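Heads up, the thing below is written out as structure tokens.
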Amino acid sequence: MIIDLSLRKKILLSFLSLIIVSSIMTISAVLLATNNSVAEQAREKLVVGQKVFEQLLALRGNQLFESAEVLTSDFGFKAAVLDQDRSTIGSVLDNHGARIGADLMMIASLEGDLIASTGKSQNFPFKHLLSEAEENGGLMQTVVLDGLPYQILMLPVLAPVTSAWTAVGFQIDDKLARQLKELTTLEVSFSGWDSNERRFELSTLDEQTNAAMRVYETQGDWLHMTYQGESFLALVTSLVKADNYQVNAVLSTSLSLAIAKFSPLKIHILIIASVALLLSAFIAFIIARNITRPVNTLVSAAERISQGDYKGEIDFDLFKKNEIGKLANSLSHMQRGIADREDKILYQVFHDTLTSLANRASIQEKIETLLEQSDGDSDIFALMQVNVRHFKQVNTTFGYHIGDQLLISIAKRLSSLMGEDDSAARLGADEFLLLLKADTEPEVSARANRILEAIIEPYQINELKLPIAFTSGVVLYPQHGQRTDELMRRVDIALNEANEQKLALLLYQPGSDEKHLKQTRLVNDLKEAIDQDSLCMFYQPKLELKQGKVTQVEALIRWIHPELGFISPEEFIGLAEQSGLMPPLTRWVIASVLREAAAWRTQGIDLKMAVNLSAYDLANDDLPDYVAQELEKNGLSTSSLILEVTESAMIDNPVQALKVLNQLRDQGIILAIDDYGTGYSSLNQLKDLPVDELKIDMAFVLKLDESKYDQAIVQSTIDMAHQLGLTVVAEGVENRASWALLETWGCDKLQGYYISRPQNSADFVTWFKGYDVNSEY
Ligand code: C2E
Ligand code: CA
Ligand code: CA
């Protein structure tokens with residue numbers, strides 16, 4: 001089981017258990033040591049006590065010996081013994097015995113018959129000891145007589161040979177026991193039995209305790225006994241152990257009493273341990289708090305940081321220079337790091353990294369706030385969008401580093417031109433947007449012009465001095481828009497128009513936006529129309545004059561917009577070119593025209609099909625393959641297709657355009673120059689083009705019958721084209737007179753409303769079948 005304790009409780013608990021365990025161990029060790037030492041002391045005391053006891057007995061033995069010596073060496077006594085004078089002997093014994101305090105005095109014959117005695121006994125009770133006494137010249141022993149223990153000494157009466165035996169003895173009694181107790185502070189007990197199995201007991205202990213001890217007595221020298229909760233240690237000494245009697249001395253001491261002496265000490269230890277425990281608990285509490293308080297502070301700091309508040313300060317006074325202090329320090333560093341990074345990110349969100357100007361998001365927000373605060377007409381401001389012209393060239397010519405430097409310099413100059421309430425932002429690569437506060441419209445335009453003047457001053461980048469041109473568009477609030485997106489879009493439109501018209505500054509023209517919006521919409525719709533096949537082709541014949549019949553048709557695209565109705569190809573072709581839709585559109589045209597041609601073949605109509613190309617169709621290499629593939633798919637020969645190209649299609653990238661045209665020509669496709677006469681090229685340049693046909697632009701043909709000037713141009717063009725080996729088509733033939741003139745000048749083909757307007761396939765087929773050049777002409 002894992003208990004989820006706080007760090008503080010855990011520390012506290014660990015400390016306390018450690019202290020409790022160590023206290024218990026100490027106390028137990030002390031108790032054990034005291035008990036052991038008490039037992040040891042008791043043991044020593046008993047051993048010493050035993051020695052004292054032995055000495056005491058020896059002392060008494062000496063006493064006995066001296067008095068017996070005195071007695072047995074007394075001449076009168078000896079003579080009395082020799083004379084068997086019983087009454088003298090008796091009185092000597094009495095006197096002597098009383099003098100030395102002996103409890104027993106006897107004299108016996110060599111055979112062991114009692115001669116005299118201080119007691120009442122009629123026999124000599126130590127007859128059995130005589131032989132041993134004879135052997136040793138005397139004897140000292142403990143005996144039991146009439147149920148009482150005695151220490152006796154037997155000595156021979158020498159006169160001069162052994163003529164009798166005397167026995168002198170002290171009783172072993174309470175007095176001896178008490179004496180011994182006084183000397184040793186031990187409890188003393190004597191016990192035993194005589195030959196008649198009469199027991200005797202005498203002891204300094206109370207009767208019950210003494211009786212209890214008897215039970216263990218036979219177990220050995222040392223005995224350990226507990227009686228009524230009190231424990232004793234005893235040492236047993238056998239004074240005599242004869243066949244039919246026995247005397248034991250038992251020295252004992254109370255262990256409980258000895259241990260009890262240590263009770264105050266134990267209480268002291270307990271008190272000390274308890275105090276130590278309390279003290280340690282208190283210290284543990286302080287330590288735990290000292291550890292956990294900074295940790296808790298850090299925990300709450302970390303929680304605060306995790307909630308995204310990086311600004312709060314961490315109170316360092318709480319922390320020492322230990323690990324927690326280091327942790328706090330790192331946390332604080334981390335917090336500062338995050339805060340810095342957040343500031344940086346925030347800065348990057350609203351600033352351009354290269355120039356440090358505001359970025360699009362930031363200036364949009366500023367405009368938004370201005371609009372919110374605006375109280376209608378009184379607040380006016382202008383947005384001026386500035387574009388660096390030919391910035392790409394700076395990059396490609398001098399490198400990106402110089403390009404970047406230039407942008408930074410422009411940004412600096414723009415910033416320096418901003419008033420207190422103005423702002424400058426960088427919108428994209430080379431585009432800047434200025435928010436200009438002004439009171440009147442003329443003031444705005446004056447400021448805009450001043451800014452332009454200032455920024456066209458050449459820029460010094462390293463050793464380079466760069467003259468830079470700018471284009472700019474301006475919108476005014478509130479005249480030109482009410483919303484941020486509207487103003488931003490319209491200033492962009494103004495800039496684009498300035499660009500197209502190659503102006504340095506253009507004020508937004510009301511309505512431009514709508515035009516722009518319509519164009520965007522048309523582009524989208526056109527894309528859809530291509531995908532959904534909702535465009536269609538019209539066909540206009542080219543009449544071959546010499547043969548007097550139609551041999552070719554020009555395919556012209558038509559788009560009827562579902563809502564806007566007819567849209568002129570000139571309008572939407574231009575949009576398609578600008579929006580990258582030209583390649584798919586041309587593919588669609590080629591595919592549907594060739595399909596139509598194949599269909600006409602089945603009806604016996606064999607006409608060459610002329611399709612218009614744009615400059616964008618020549619910009620990549622895949623057109624020739626596509627054309628070949630479509631011709632083959634429809635089973636048509638390459639000469640069935642004429643491709644019309646204007647001279648302007650070759651201006652942007654003449655090398656690439658020529659490459660594609662040559663490839664087409666090599667495939668056998670007929671190429672025609674369209675709208676000839678409007679472009680810049682001269683007839684001289686024509687000779688290098690891989691073309692077969694030249695179409696004179698309508699502009700010279702429409703009023704041919706009226707304009708002598710047009711007549712001169714057309715006639716000479718026809719002549720020169722012929723000299724270059726080109727066939728000539730006149731477009732825009734609208735009347736009989738023009739036809740006649742062209743015919744006289746030898747023009748090869750005619751195209752125009754006078755012959756036929758462009759018509760859809762079915763109408764054209766009907767027209768074609770019914771057409772008779774002679775009836776028309
Ligand atoms: P364009 O190639 O010069 O085509 C001739 C234009 O003159 C056609 O205008 C035609 O209808 C018109 N036209 C012909 N005869 C007369 C006449 O007697 N009097 C007058 N006033 N006009 C005459 P449309 O069809 O409006 O096409 C305009 C231009 O759009 C074309 O000029 C061509 O440049 C472009 N275009 C048309 N269809 C396509 C196409 O499928 N692909 C490409 N790339 N351009 C196309
Ligand atoms: Ca054409
Ligand atoms: Ca034309």
Side-chain angles (χ1 to χ4, degrees), residues 526 529-530 535-543 550 552-560 566-597 608-619 623 627 630 641-650 657 660 670-679 691 693-706 710 714 717 728-739 742 747 749-761 763-764 767 776:
L526 180 62
I530 298 170
L535 300 163
C536 79
M537 297 311 296
F538 271 38
Y539 299 92
Q540 187 179 34
K542 294 182 191 173
L543 177 69
V550 170
Q552 305 179 352
V553 288
E554 180 175 4
L556 295 158
I557 195 163
R558 293 291 176 266
W559 182 24
I560 312 295
F566 175 82
I567 301 187
S568 136
E570 258 148 352
E571 188 179 352
F572 72 80
I573 293 284
L575 289 179
E577 284 177 337
Q578 284 164 34
S579 56
L581 279 178
M582 216 48 229
L585 185 67
T586 299
R587 282 172 177 241
W588 183 87
V589 170
I590 290 171
S592 57
V593 166
L594 294 183
R595 215 184 311 121
E596 202 70 81
K608 290 186 196 307
M609 311 297 270
V611 167
N612 291 284
L613 291 186
S614 127
Y616 293 80
D617 294 318
L618 303 178
L623 186 68
V627 167
E630 284 300 307
L641 185 64
I642 302 163
L643 294 175
E644 298 186 3
V645 199
T646 61
E647 299 156 281
S648 59
M650 264 162 295
V660 177
I670 301 160
L671 300 179
I673 283 286
D674 207 354
D675 302 343
Y676 182 78
T678 52
V691 291
E693 191 174 272
L694 185 147
K695 296 182 78 175
I696 300 172
D697 194 82
M698 281 192 291
F700 306 103
V701 181
L702 289 171
K703 302 264 160 55
L704 190 65
D705 52 333
E706 294 166 16
D710 286 350
V714 170
T717 305
V728 179
V729 183
E731 276 188 296
V733 179
E734 289 196 348
N735 53 54
R736 175 79 185 78
S738 302
W739 179 332
L742 289 162
C747 182
K749 290 161 198 162
L750 302 185
Q751 185 183 348
Y753 290 173
Y754 188 72
I755 298 148
S756 167
R757 282 178 177 262
Q759 303 174 77
N760 68 32
S761 173
D763 291 347
F764 172 75
W767 173 88
E776 293 299 322

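Treat the numbers as computed from the prediction; the structure is a model and nothing was measured. Whatever order the structure lists them in is the order used to number ligands and atoms, beginning at 1.
With distances taken over non-hydrogen atoms, the option nearest atom 25 (O) of ligand 1 out of E644, R558, R757 is R558. The option from E731, Q751, Q540 that lies nearest to atom 15 (N) of ligand 1, judged by heavy atoms, is Q540.
Counting only heavy atoms, the protein never gets under 4.0 Å from atom 9 (O) of ligand 1. At a distance under 4.0 Å, no protein heavy atom can be found next to atom 32 (O) of ligand 1. At a distance under 4.0 Å, no protein heavy atom can be found next to atom 35 (C) of ligand 1.
Annotation: side chain to side chain donor-acceptor pair (under 3.5 Å) contacts of D675 (sequence neighbours excluded): none.
Partner of Q751 under the side chain to side chain donor-acceptor pair (under 3.5 Å) criterion, chosen from Q552, K542, K695: K695.
In summary, no N, O or S atom of E731 is located under 3.0 Å from the Ca ion (ligand 2).
Expressed to the nearest 10°, the angle at the Ca ion (ligand 3) joining OD1 in D674 with OD1 in D675 is 90°. Seen from the Ca ion (ligand 2), atom OE1 of E644 and atom OE2 of E554 lie 90° apart in angle, a value rounded to 10°.
A perpendicular orientation is assigned to the rings of F572 and W559, their planes being inclined by more than 60° (bins at 30° and 60°).
The proximity of D697 to ligand 1, defined as any non-hydrogen pair under 4.0 Å, does not occur for either the backbone or the side chain.
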